[in-house]
Amino acid sequence: VQLQASGGGLVQSGGSLRLSCRTSGRTVSQFHMGWFRQAPGKEREFIAAISRGGGNTEYADSVKGRFTISRDNSKNMVELQMRSLEPEDTAVYYCAADRQIMTAPLNTTPMKYQYWGRGTQVTVSS
């Protein structure tokens, strides 16, 4: 499966962005999906995940209440709505796919995800 993230950009602190991840090659409904980010000099970190059917979600504490992950399997798309952005949210954001059979718990470590897209840069200015 190929993944393509888009929607990044430059936004002021307190602003919002909506990231999208489109899949091709295989239907997105076969995978749990996750969003990760990596800031310069830091390890890639988990942001959010959503189960195949969308009934189960998981968020990092740092984004709970500000970010929302969603999916539309009919469009082979996963989205990440980001609100109240802070300079600390500046990073390259990646979407990833996980073929794990179990619906819960969703994986939150990068090594558990088998497929990755190219990232999209999000920059939040203060």
Side-chain angles (χ1 to χ4, degrees):
V1 61
Q2 291 78 46
L3 309 175
Q4 179 64 55
S6 61
L10 174 63
V11 63
Q12 289 189 331
S13 181
S16 300
L17 278 176
R18 190 175 188 91
L19 304 184
S20 296
C21 176
R22 287 189 177 273
T23 67
S24 61
R26 293 172 67 179
T27 178
V28 73
S29 62
Q30 297 180 32
F31 303 94
H32 305 311
M33 298 296 293
W35 284 97
F36 294 78
R37 68 186 180 190
Q38 188 166 17
K42 294 188 176 181
E43 294 186 352
R44 192 166 296 189
E45 65 170 338
F46 169 77
I47 296 300
I50 188 167
S51 59
R52 285 186 187 83
N56 186 23
T57 57
E58 186 75 28
Y59 294 93
D61 289 342
S62 59
V63 305
K64 244 175 227 179
R66 300 189 299 124
F67 291 11
T68 302
I69 189 171
S70 61
R71 66 190 298 158
D72 185 340
N73 288 342
S74 68
K75 297 181 179 178
N76 279 331
M77 183 185 296
V78 178
E79 295 187 321
L80 184 70
Q81 177 67 53
M82 305 186 294
R83 297 182 176 88
S84 301
L85 284 163
E86 305 164 351
E88 293 73 25
D89 296 315
T90 295
V92 178
Y93 283 69
Y94 300 88
C95 61
D98 177 15
R99 58 178 182 239
Q100 175 182 270
I101 300 300
M102 292 187 299
T103 300
L106 294 169
N107 286 320
T108 61
T109 55
M111 66 186 303
K112 295 290 188 178
Y113 285 74
Q114 296 80 37
Y115 305 98
W116 292 82
R118 295 174 64 178
T120 184
Q121 176 71 47
V122 172
T123 302
V124 184
S125 62
S126 56

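In this chain, residues are counted from 1 in sequence order. Values below: every heavy atom of this structure, side chains too, minus hydrogens, waters and symmetry copies. This is a predicted model, so every value here is computed, not measured.
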With a 4.5 Å cut-off on side-chain heavy atoms, are Pro87 and Ser125 touching? no
Qualifying residues under side-chain contact (heavy atoms from CB on, under 4.5 Å), relative to Arg44, sequence neighbours excluded: Phe36, Gln38, Tyr94, Pro110, Trp116
One should read off an interatomic distance between Asp72 CG and Ser20 OG, to the nearest 0.5 angstrom, of 10.5 Å
Determine whether a donor-acceptor pair (N or O, by modelled atom type, separation under 3.5 Å) exists between the side chain of Tyr113 and the backbone of Asn107. yes
With side chain to side chain contact (heavy atoms under 4.5 Å, CB included) as the criterion, how do Ile69 and Val78 come out once you've worked through the C-alpha distance, each side chain's angles and the decisive distance to 0.1 Å? CA-CA 7 Å; Ile69 189 171; Val78 178; 4.0 Å; yes
Quick one: which residue pairs count as a salt bridge (Lys or Arg N to Asp or Glu O under 4.0 Å) with a foot in residues 82-91, not counting sequence neighbours? Arg37-Asp89, Arg66-Asp89
List the atom pairs, with distances to 0.1 Å, where a side-chain N or O of residues 2-11 and a protein N or O form a donor-acceptor pair under 3.5 Å, not counting sequence neighbours.
none

Does any pair with a residue in residues 41-94 pass disulfide (SG to SG under 2.5 Å), and if so which ones, sequence neighbours excluded? none
State yes or no: do Val122 and Leu80 share one hydrophobic cluster built from I, L, V, M, F, W and Y residues joined by side-chain heavy-atom distances below 4.5 Å, directly or via other members? yes
Salt bridge (Lys or Arg N to Asp or Glu O under 4.0 Å): pairs with one or both residues in residues 46-63, sequence neighbours excluded: Asp61-Lys64
Which heavy-atom pair separates Arg26 from Val1 by the least distance, and what is that distance? O-CG2, 3.8 Å
Per the disulfide (SG to SG under 2.5 Å) rule, what does the pair list look like for residues 42-91, sequence neighbours excluded? none
So do Leu19 and Met82 actually touch side chain to side chain, heavy atoms under 4.5 Å? yes
Answer yes or no: is there a donor N or O on one side and an acceptor on the other, between the side chain of His32 and the main chain of Met102, under 3.5 Å? yes
Residues pairing under disulfide (SG to SG under 2.5 Å) where one sits in residues 58-125, two or more places apart or in two chains, turn out to be Cys21-Cys95
Give, for atom CE of Met33 and atom CG of Asn73, the distance between the pair rounded to the nearest 0.5 Å. 9.5 Å
Name all pairs fulfilling the disulfide (SG to SG under 2.5 Å) condition that reach into residues 30-60, sequence neighbours left out, sorted by first residue then second. none
Looking at residues at least two apart in the chain, or sitting in another chain, which of them share a side-chain contact (heavy atoms from CB on, under 4.5 Å) with Arg99? Phe31, Gln114, Tyr115
Nearest heavy-atom neighbours spanning Ser16 and Ser84: OG-N, 4.4 Å
Applied to residues 106-116, the salt bridge (Lys or Arg N to Asp or Glu O under 4.0 Å) test, sequence neighbours excluded, yields none
Distance, nearest 0.5 Å, that separates CG of Leu106 from CD1 of Ile50: 8.5 Å
Just jot down the salt bridge (charged side-chain N to carboxylate O under 4.0 Å, His left out) partners of Glu79, sequence neighbours excluded, or say none. Arg18
Taking all non-hydrogen atoms of both residues into account, name the closest pair between Ala91 and Ala39 and its distance. CB-N, 3.8 Å
Closest approach of Thr108 and Phe46, non-hydrogen atoms and distance? O-CB, 3.0 Å
Counterpart residues, salt bridge (charged side-chain N to carboxylate O under 4.0 Å, His left out), relative to Lys42 (two or more places apart): none
Looking only at non-hydrogen atoms, find the nearest pair between Val28 and Asn76 and report the distance. N-OD1, 3.0 Å
Could you give the distance from OG (Ser51) to CZ (Arg71), rounded to the nearest 0.5 Å? 7.0 Å
On a heavy-atom basis, which atom in Phe67 and which in Ile47 lie closest, and how many Å separate them? CD2-CG2, 3.7 Å
